[in-house]
Amino acid sequence: MPLPSVREQILDAVQTRLVAIVTTAGFATNAGQNVHLGEMPALGPDDPTQGICVVVLDDEPKIQAVGFQIDIPLQIQALVSADMDEPFRDAEAILADVKRAIELPDRNLNGLLVWHGLVRGTTQTLQRKDGSQYVGIAIEYRAPMRENWGNP
C-alpha cells in the first residue's frame with residue numbers, strides 16, 4: 001500500500017491540531033469535538049452548537065520542473081449555531097482557538113511544508129445560506145509544499 005501523499009499528510013496534521021481544541025487542553029472552546037474535513041455537512045437543531053470545517057480550495061502550482069512547488073489554500077471555518085446568545089462572539093472565540101492550534105506548535109507542520117511554512121491569509125464572515133442554522137467566520141491559510149512528478 002502506498003504511503004499517504006504529502007497533501008494527505010498536511011490535511012491529517014491540520015485535522016490533528018484542530019481536534020485538540022478542547023477546554024481541558026487550555027483552549028476557550030470545545031470546537032475540536034466537531035471537526036469536518038471537506039464540505040460541512042448540513043447541520044440541524046440536534047447537532048453540536050459549534051464546530052470547525054476545513055475546506056481545501058484550488059491549489060496554485062508555482063514551479064513545474066523536476067517537481068512541483070504548490071501552495072494549498074485551506075479555509076478553516078469556525079461555525080456556531082445561530083440561536084446562541086452571541087453567536088459571532090462564540091465564533092470569534094473558536095477563531096482564536098484555531099489560530100493557537102494551527103500556528104503555535106510550528107509553522108511547518110512537523111516538516112511537511114517548505115519555505116517559511118504556513119502563511120495566514122484573509123479572515124472573512126461567512127455568508128449565511130437560506131435555511132442555515134449556523135453562522136461563522138473563516139480564516140485562510142496557504143500551505144506551501146513540494147510534490148514530485150508521479151510521486152505525490
Given the rule in the side chain to side chain contact (heavy atoms under 4.5 Å, CB included) test, do Ile10 and Leu113 qualify, once you have shown the distances and angles that lead to the verdict?
CA-CA 8 Å; Ile10 290 169; Leu113 304 181; 3.5 Å; yes

What do the steps show when you test Gln15 against Val35 for side chain to side chain contact (heavy atoms under 4.5 Å, CB included), and what is the final call?
CA-CA 7 Å; Gln15 187 173 25; Val35 176; 4.2 Å; yes

Candidate pair Thr123 and Ile137, rule side chain to side chain contact (heavy atoms under 4.5 Å, CB included), full reasoning:
CA-CA 7 Å; Thr123 303; Ile137 301 170; 3.6 Å; yes

Does the pair Ile139 and Arg120 meet the rule for a side chain to side chain contact (heavy atoms under 4.5 Å, CB included), with working shown?
CA-CA 8 Å; Ile139 186 166; Arg120 188 194 294 179; 3.7 Å; yes

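Of the options Asp106, Asp12, Asp97, a salt bridge (Lys or Arg N to Asp or Glu O under 4.0 Å) to Arg17 is made by Asp106 and by none of the others. Of the residues Val14, Leu18, Val54, Thr29, the one that meets the side chain to side chain contact (heavy atoms under 4.5 Å, CB included) test with Val98 is Leu18.
When atom types are taken as modelled, the side chain of Gln9 and the backbone of Pro4 share a donor-acceptor pair closer than 3.5 angstrom. For the pair Asn108 (side chain) and Gly117 (backbone), a donor-acceptor distance under 3.5 Å is present. Between the side chain of Ser5 and the backbone N or O of Glu8 there is at least one donor-acceptor pair closer than 3.5 Å. A donor-acceptor contact shorter than 3.5 Å links the side chain of Asn34 to the backbone of Gln50. Remark: the backbone N or O of Leu118 is paired with a side-chain donor or acceptor of Arg107 at under 3.5 angstrom.
Residues Val119 and Ile102 do not share a hydrophobic cluster, defined by chaining ILVMFWY side chains whose heavy atoms lie under 4.5 Å apart. Both Val19 and Leu37 belong to a single network of hydrophobic side chains, linked directly or stepwise wherever heavy atoms of I, L, V, M, F, W or Y lie under 4.5 Å apart. No single ILVMFWY cluster, assembled from side-chain heavy atoms under 4.5 Å apart, contains both Leu74 and Leu104. Residue Phe68 is grouped with residue Leu109 when hydrophobic side chains (ILVMFWY) are merged at heavy-atom distances under 4.5 angstrom, including chains of intermediate members.
The minimum heavy-atom distance linking Trp115 with Met145 is given by the pair CZ3-N, 4.1 Å. Minimum heavy-atom separation, Ser81 to Pro87: O-CB, 3.6 Å. Of all heavy-atom pairs spanning Asp71 and Pro73, the tightest one is O-CD, 3.3 Å. Taking every heavy atom of both residues into account, Ile52 and Gly32 meet most closely at CD1-N, 4.4 Å. The minimum heavy-atom distance between Arg100 and Pro105, with the atom names listed, is O-CD, 3.8 Å. The two residues Leu112 and Val6 have their closest heavy-atom pair at O-CG1, 4.3 Å.
Here the straight-line distance linking atom CG of Leu11 with atom CD1 of Ile72 works out to 6.5 Å at 0.5 Å rounding. In this structure, the separation between CD1 on Ile94 and CG on Leu79 is 7.5 Å, given to the nearest 0.5 Å. Summarising the geometry, atom CG belonging to Leu126 is positioned 6.5 Å from atom CD belonging to Gln124; distances are rounded to the nearest 0.5 Å.
Side-chain contact check for Glu103 and Tyr141: at least one donor-acceptor pair (N or O, by modelled atom type) lies under 3.5 Å.
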